[in-house]
Every structure is written in structure tokens, then in C-alpha cells.
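This one's a predicted model, so the numbers in the text were calculated from it and none came from an experiment.
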Amino acid sequence: MPAADPYVPGHGNRRYAVRCYRIDLDYKIATNHLAARAVLEIEALEDLDQVALDLYGLSVSRVRVDGRQARYTHRDRKLRVTLPSKTKRGGRVKVDVQYAGKPRPIPSVFGAVGWEELDDGVLVAAQPCGAPSWFPCNDRPDDKARYRFAVTVADGYRVIANGRLEAREKRAGKTTWRFRQDEPMAPYLAVLHIGRYVSTRAGERVELVHPRGVAVGTGTAFARQADMVDAFAELFGPYPFGEYAAVITEDELEIPLEAQTLSTFGANHVAAGWENERLVAHELAHQWFGNSLTVASWKDIWLHEGFACYSEWLWSELSGGRSAAAWASDHHRRLAALPQDLVLGDPGRDLMFDDRVYKRGALTVHALRGVLGDQFFPMLREWTTESRWSSVSTPAFVAHAQRYTHADVAGLIDAWVYRTPLPPLAQ
């Protein structure tokens with residue numbers, strides 16, 4: 001069967017879509033042991049007699065389909081469930097998986113991704129293919145679903161997951177944390193943090209979650225996190241979710257990473273200064289470009305990273321620093337000195353996280369801003385509104401942007417996105 005996305009071979013399936021995940025976890029931190037149950041509401045996109053789910057490194061003990069015991073096999077990262085009877089296209093089934101084990105990251109060409117055991121807690125960083133390290137899923141970016149999480153851990157630990165915290169239930173030395181994520185979300189954006197965290201409010205809808213000994217207020221890179229949310233909401237349209245959280249781990253991390261409704265940073269990203277502040281802006285921008293609007297195929301990742309990188313330059317401009325045009329000029333000069341062998345609109349999996357994707361993507365956005373002029377931000381606000389919580393592609397973006405100008409948007413995108421030579425930067 002052909003891969004659902006060639007950038008992550010072996011992951012995902014296009015024969016069905018998951019409409020809702022209900023994930024119940026009971027986790028013992030001291031032994032890194034997980035006892036879990038996942039219930040998936042699945043819609044058949046063609047006639048089905050089997051459902052193939054992605055699940056890595058954990059042992060399945062029982063599978064039920066619509067309440068009936070089901071036959072299954074689990075090998076090569078695939079949990080294949082035989083349906084009791086054929087499900088016609090458009091029909092729905094409920095697959096209930098009970099599983100357990102010691103979760104660990106998934107080895108991949110991108111490095112180890114997914115579940116990560118910290119010194120005293122857990123961090124999940126799943127982009128682009130780490131979700132199967134902790135729950136069975138249809139691991140492709142365009143299969144977006146609703147989520148419900150119930151996570152039970154020892155008292156004294158804080159749990160953070162996507163969406164809204166609905167309840168905390170204490171019993172016999174344990175606490176169950178219940179979260180609800182109603183806006184559709186791709187599996188790789190599902191996140192889990194467990195640690196000894198405290199919270200600091202930063203404005204009406206921003207929460208900073210951090211170890212007790214790590215300051216996150218005035219004099220840090222997060223001092224203006226709430227101002228960033230307000231500024232980006234004005235530029236890009238309303239913040240697409242209920243609240244936003246920045247989670248700062250006690251451990252140092254090589255890079256921060258976004259997830260839907262929250263972003264993850266290491267303790268090394270707290271110190272004030274542009275290099276950290278731009279990362280705070282970058283991850284926030286992904287709530288619009290990457291989380292609400294998620295690429296249907298990984299080859300279009302520039303629609304995530306180009307806009308997030310350009311948002312760094314916009315924040316610099318808005319906060320009294322260098323202009324976006326100055327940043328664009330600098331990075332254009334640097335890119336011009338590098339090999340011209342990258343196709344931005346299909347960089348290949350080995351280069352999908354190459355820094356040239358980020359910077360050339362941002363330059364593409366800046367070039368389009370130059371063509372659209374005063375219509376650039378109205379175009380963006382309408383793009384994020386019309387496509388909110390859905391899957392997007394480069395052709396769809398071109399068609400949308402073309403509505404705002406008589407200039408040749410397709411030609412501009414072709415030169416920047418589908419050709420290897422770096423186009424000149426209009427001044």
C-alpha cells in the first residue's frame with residue numbers, strides 16, 4: 001500500500017479518518033510504565049474490512065470494535081484490526097484499544113521523536129511522526145480529529161495536554177487530569193507534559209507553566225508573551241483557540257516546539273535577548289500557521305515554517321527592533337551564498353527541517369507582502385478565517401492570495417517555491 005505521505009513512510013492510512021480520540025492514561029513516573037486505553041471513532045473513506053493503526057513500542061492486550069472482541073495483529077509499528085463485518089464507505093466504527101508498556105521515542109530519519117522521559121517527568125515532542133509512541137492513531141497531518149485526554153499520575157505532579165482543562169479528580173494519592181480539545185487536531189500535534197510545574201498568568205488568555213525555581217516574567221524572553229498574542233491576533237486574525245500556554249521544562253532543550261494550544265521550551269530559552277524572544281514569537285505564530293491551518297502534505301511545510309519565521313521579523317518590527325525588510329535583506333544575502341539546490345515546495349524529507357526552508361519560506365512571504373501591499377494582512381486574516389482548523393496546500397494558498405491583486409501570484413510562488421535559484425529580493 002502506498003505511503004499516506006512519502007516524507008514519513010510507513011505512517012498513516014488514507015482508507016479511513018479518525019473523528020475523535022479518547023485517550024486514558026495511567027502513568028507511573030518512577031518506572032516509566034504506562035497503562036492505557038484509546039477509543040477511536042473512525043469513519044470509513046472506502047469500504048473497510050480492516051483498520052491499520054500506527055502504534056510503536058507498546059503491548060496491546062485487547063481490541064474491541066463497537067463493543068465486540070476483535071482479532072488483531074501488532075508488528076512493524078502497525079496495529080491491524082479486523083472488523084467483525086465490512087464497513088461501507090461513510091460508515092462509522094468505534095475501535096477500543098487497551099495497551100501498556102514503557103513508552104519510548106520512535107527512531108526516525110529526523111532523530112528520536114515522541115515520548116521522552118525527563119529526569120522527573122515526561123515531555124512529548126511528536127513532530128512529524130512521534131504520536132504512535134504513546135497512542136494508536138492514523139498518523140498523517142491531514143487527518144484532524146477531536147481529542148479527550150484523561151491522565152492519571154501521582155499527586156504533586158502537574159499534567160498539561162492540548163485544549164481546555166475540564167477537571168482534576170483526586171483519589172488515593174493520585175490525580176486524574178481531564179482535557180478537552182474540540183478544535184480538530186493532527187496526531188503529531190497531540191502533546192503531554194508531566195512534571196512539578198507551577199503556573200504564572202500572563203494576560204487574560206496566556207499561561208506560563210514552569211518549574212518553581214524558573215522565573216518567566218519581567219526580564220525574560222517571555223515578558224511580552226501576552227503582547228505577542230494580541231499583536232498576532234491583529235495581524236493574522238483572532239487567536240484560533242481558547243487559551244495559549246508556554247511550557248518551560250527544567251531540562252535544557254535543543255529547540256522549542258509547538259503543539260496545538262501550547263508550545264514547549266527548555267530552561268535555556270528563558271533568558272532575555274533576541275535569540276530567545278524570536279523563538280517565543282515563532283512558536284506562537286504556529287498556532288495560526290501549522291496548528292489551526294495544517295498542511296495536508298509535509299512537502300508544503302514552508303506554509304508552516306515560512307510564516308512562523310516571518311512572524312519573528314514582524315514582531316521585531318512591531319516591538320521597536322529591526323524592520324522585516326532589514327531582516328529579509330540580511331537573510332537573502334546569506335541564502336545567496338549557500339547551495340541553490342533546495343526546492344522549497346518539495347524539499348524532501350531529509351531537508352524538510354533545513355534552515356533554508358524557514359528562511360526562504362519567510363522571504364517568500366515577504367516577497368508576497370511587497371506585491372500585495374496594503375492587501376497583504378487582509379489577505380492573511382481571511383486565509384486564516386476561511387481555512388481555520390483545516391488542512392491547506394500551496395495551490396490553495398496561491399488561489400486565495402490571487403484574489404487580492406492583479407499581479408501574478410502564481411508566477412511569484414513558482415519562482416520562490418518551485419525553482420531552485422534564489423530570486424532577487426525586490427526593494
Side-chain angles (χ1 to χ4, degrees), residues 1-23 38-58 60 63 72-83 87 89 92-95 97 99 103 105-115 124-147 162 181 184-191 259-260 290-291 293-301 303-304 346-350 352-353 389-394:
M1 180 179 296
D5 191 314
Y7 279 44
V8 282
H11 288 248
N13 191 292
R14 296 201 173 278
R15 301 185 66 203
Y16 67 89
V18 182
R19 300 309 182 194
C20 183
Y21 292 87
R22 296 180 182 273
I23 301 168
V39 180
L40 287 64
E41 297 177 16
I42 290 174
E43 180 179 344
L45 302 182
E46 57 183 73
D47 293 354
L48 288 180
D49 54 15
Q50 183 190 80
V51 171
L53 300 169
D54 301 294
L55 182 65
Y56 171 78
L58 297 163
V60 176
V63 179
Y72 65 90
T73 61
H74 185 203
R75 55 179 177 269
D76 299 327
R77 305 186 185 185
K78 284 292 184 182
L79 173 60
R80 302 181 187 277
V81 179
T82 300
L83 303 182
T87 299
R89 179 181 178 182
R92 296 202 177 196
V93 295
K94 187 174 292 186
V95 177
V97 181
Y99 60 104
I106 298 176
S108 76
V109 297
F110 313 103
V113 292
W115 188 282
V124 173
Q127 186 177 4
C129 56
S133 67
W134 63 295
F135 66 98
C137 60
N138 188 16
D139 191 25
R140 54 187 177 91
D142 60 335
D143 192 15
K144 305 181 78 168
R146 295 174 290 115
Y147 285 74
N162 310 87
Q181 174 62 66
M185 177 171 73
Y188 84 92
L189 291 169
V191 73
Q260 192 154 306
N291 302 346
L293 279 62
T294 308
V295 293
S297 172
W298 283 116
K299 66 183 176 62
D300 283 325
I301 192 171
L303 289 173
H304 292 186
D346 192 0
R349 63 175 177 166
D350 291 341
M352 66 183 285
F353 296 116
W389 310 328
S390 69
S391 300
V392 296
S393 67
T394 299

Note, Y99 side chain near H74 side chain (heavy atom, < 4.5 Å): no

Looking at N138 and G12, would you say the former's side chain and the latter's main chain have a donor-acceptor pair under 3.5 Å? no

Measuring only between side-chain heavy atoms, which start at C-beta, is D54 closer than 4.5 Å to K78? yes

Minimum-distance pair of heavy atoms, taken over all atoms of A190 and A126: O-CB, 4.4 Å

Give the intermediate values and the outcome of side chain to side chain contact (heavy atoms under 4.5 Å, CB included) for residues L189 and Q181. CA-CA 11 Å; L189 291 169; Q181 174 62 66; over 6 Å; no

D142: salt bridge (Lys or Arg N to Asp or Glu O under 4.0 Å) partners, not counting sequence neighbours: R14, R140

Are the side chains of W298 and P128 in contact, using a 4.5 Å heavy-atom criterion? yes

R349 and P6: which non-hydrogen atoms are nearest, and at how many Å? CD-O, 4.4 Å

Less than 4.5 Å apart, any side-chain heavy atom of R15 and any of L45? no

Which pair of heavy atoms, one from A186 and one from P141, lies closest together, and at what distance? CB-O, 3.4 Å

Roughly how far, to the nearest 0.5 Å, is the CG atom of L55 from the CG atom of L79? 6.0 Å

Identify, with sequence neighbours excluded, every residue that meets ring pair (Phe, Tyr, Trp, His ring centres under 6.0 Å) alongside Y21. F135, Y147

Nearest atoms (heavy-atom pairs only) where D139 meets Y188: OD1-N, 4.4 Å

For D143 and Y16 the tightest heavy-atom approach is OD2-O, 4.3 Å

May I ask you to test the T294-H304 pair for a side-chain heavy-atom distance under 4.5 Å? yes

Within the distance-only criterion (no hydrogens, no angle test), does the side chain of N291 pair as donor or acceptor with the backbone N or O of A259 below 3.5 angstrom? yes

Are L303 and L293 close enough that some pair of their side-chain heavy atoms sits under 4.5 Å apart? no

Contact check, side chains of V39 and K94, non-hydrogen atoms, under 4.5 Å: yes

d(Y7 OH, S297 OG) to nearest 0.5 Å is 7.0 Å

Under a 4.5 Å cut-off applied to non-hydrogen side-chain atoms, are L58 and P103 in contact? yes

What's the verdict on side chain to side chain contact (heavy atoms under 4.5 Å, CB included) for E41 and R22, showing C-alpha distance, side-chain angles and the deciding distance? CA-CA 9 Å; E41 297 177 16; R22 296 180 182 273; 3.9 Å; yes

Minimum heavy-atom separation for A131 to C137, with atom names? CB-SG, 3.9 Å

Between the CG atom in L83 and the CD atom in Q50, the distance rounded to the nearest 0.5 Å is 8.0 Å

Residue pair T394 / D300, side-chain donor-acceptor N/O under 3.5 Å: yes

